[in-house]
There are 2 protein chains.
Amino acid sequence: MNKFDKPEKILATALKLFVEYGFHGTPTSKIASEAGVSNGTLFHYFKTKDELVVALYTSLKSELSHFLIAKISETEVIKEKFRKLFTCSVEWAVENRDAFYFLQQFHFSPHRGLVSTEEIQQHSEIHLTLLQDARRAKVLKPLPPELIASLFLQQINGLYQYLTTHAEPVEKQQKWINDVFELTWTMISNPEAQ
Amino acid sequence: MNKFDKPEKILATALKLFVEYGFHGTPTSKIASEAGVSNGTLFHYFKTKDELVVALYTSLKSELSHFLIAKISETEVIKEKFRKLFTCSVEWAVENRDAFYFLQQFHFSPHRGLVSTEEIQQHSEIHLTLLQDARRAKVLKPLPPELIASLFLQQINGLYQYLTTHAEPVEKQQKWINDVFELTWTMISNPEAQ
DNA sequence: ATCTTTATTGACTGATCAGTCAATCCGAAC
DNA sequence: GTTCGGATTGACTGATCAGTCAATAAAGAT
């Protein structure tokens with residue numbers, strides 16, 4: 001194995017094990033051995049176990065973030081940007097179940113406090129700017145932006161939950177994703193304007 | 001302290017500590033000492049730490065469940081039942097932040113597998129029967145019931161998230177709760193029938 | 001070729017902690 | 001007042017595991 005791959009391999013292995021056994025249930029020794037490196041190497045790249053957990057979180061967050069930014073910049077109309085954001089988020093979540101699950105797991109763990117607020121906000125920058133654009137264009141209901149953001153994100157979550165627990169053919173999945181997006185859009189958009 | 005209070009006191013203390021430090025970050029010894037009992041007493045009432053975690057989960061779940069059932073049985077019209085279910089869930093969540101947070105934390109932890117599927121379903125019985133009633137009355141959109149349930153639950157979640165991170169006067173909170181319920185209802189209900 | 005830095009190893013340690021247990025305590029029953 | 005079963009205690013243990021370290025190897029640098 002190329003040395004440059006090792007930290008990546010460690011992160012990938014940690015993800016798999018954390019999702020299966022939790023942070024506590026996964027000893028660093030097991031991560032190291034399953035990743036095919038020695039105990040010491042793991043601590044060479046990540047000073048502590050906590051640092052490894054946080055590194056995994058930021059790595060996945062920015063992966064998702066870049067993926068979404070790339071997809072969204074292709075479109076122009078605001079509603080279509082929202083649609084892209086929605087569908088791509090769900091698709092990424094379903095195709096990277098472990099990663100998406102881990103992000104939730106992390107969110108509801110004390111490790112969350114180890115990530116600075118700025119870093120967290122930097123990753124939801126897309127959502128915020130898109131929301132501001134929509135606000136300026138007056139296409140949104142008169143609700144607090146943060147509330148709209150929260151509802152929007154939880155719709156993605158709800159869909160992820162459903163799709164990962166009910167096996168369905170891909171076309172059906174696509175249909176639900178589009179249907180739920182339309183419902184969500186009706187929910188948050190202002191019928192008066194636009 | 002009355003001996004009958006001890007298991008309850010242990011559960012309450014565990015809740016507080018689990019939310020603050022996580023399952024792993026909370027030694028049983030700390031739970032015992034903060035609850036004002038000895039190490040041995042804790043293990044007298046709960047054979048293992050895992051059993052304590054699961055006991056806390058089922059205890060909170062059934063507390064919420066009974067609370068909701070009591071509130072809902074007061075009303076008759078289906079939409080009003082949904083409204084009650086929604087508003088009461090959110091209010092309970094906001095007034096029992098730690099408890100609601102813990103339920104999520106538990107949900108995204110390996111402990112989840114320790115609770116039998118039947119037990120989990122038993123606790124969401126209200127949601128399921130209400131959903132079946134609504135289905136029979138044909139007031140819902142033609143989507144899979146589980147998908148509707150998931151979206152409904154995540155709306156509660158999104159609102160909880162917003163309300164717990166943005167301090168607002170109680171009247172405002174009430175307004176958002178009602179507004180979001182109406183939005184949710186429009187989202188899941190069939191405008192044709194009713 | 002020599003020197004310096006960085007990567008890698010795995011045996012080791014010190015601390016932590018879940019769970020045990022023998023001993024006491026307490027209250028209820030009769 | 002004696003008996004008996006559960007409640008309570010806290011010191012103790014065996015196992016686990018995060019993180020160290022001294023030694024070795026490999027990779028660059030000049």
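Lettering of chains follows the sequences in order, A, B, ..., and the numbering in each one begins at 1.
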*asked:* Can you tell me if B/Glu119 has over 12 outside heavy atoms packed within less than 6.0 Å of its CD?
replied: yes
_Interatomic distance, B/Phe23 CZ vs C/dC17 C1' [rounded to whole Å]_ = 17 Å
*Establish, yes or no, whether the cationic atom of B/Lys81 lies under 6.0 Å from the six-membered ring centre of B/Phe86 and within 45° of the ring axis.*
no
*What is the distance from CG of A/Leu42 to P of C/dA7, rounded to the nearest Å?*
14 Å
*Starting at atom NE2 of B/His44, determine the distance to atom C1' of C/dT24, rounded to an integer number of angstrom.*
14 Å
*Taking atom types as modelled and ignoring hydrogens, do the side chains of A/Tyr160 and A/Gln155 form a donor-acceptor contact shorter than 3.5 angstrom?*
no
*To the nearest angstrom, how far is B/Glu51 atom CD from C/dG19 atom P?*
10 Å
*What is the distance from CZ of B/Phe46 to P of C/dT20, rounded to the nearest Å?*
15 Å
*Is A/Thr28 near enough to D/dC17 that one of its side-chain N or O atoms lies under 4.0 angstrom from OP1 or OP2?*
no
*Of all the choices, C/dG19, D/dT9, D/dA18, which nucleotide is nearest to the side chain of B/Thr41 once you look at every atom?*
D/dT9
*B/Pro27 side chain: which of C/dC17, D/dT9, C/dA7 is closest?*
C/dC17
*Relative to each other, are the rings of B/Tyr162 and B/His166 parallel, tilted or perpendicular (30° and 60° limits)?*
parallel
*What's the CG-P distance between B/Leu52 and C/dC17, to the nearest Å?*
16 Å
*Verify the contact: side-chain N or O of A/Lys6 to OP1 or OP2 of C/dT8, cut-off strictly under 4.0 Å; return yes or no.*
yes
*Between A/Asn39 (CG) and C/dT8 (P), how many Å, whole number?*
14 Å
*Could you tell me the separation between the CG atom of A/Leu17 and the P atom of D/dA18, rounded to a whole number of Å?*
12 Å
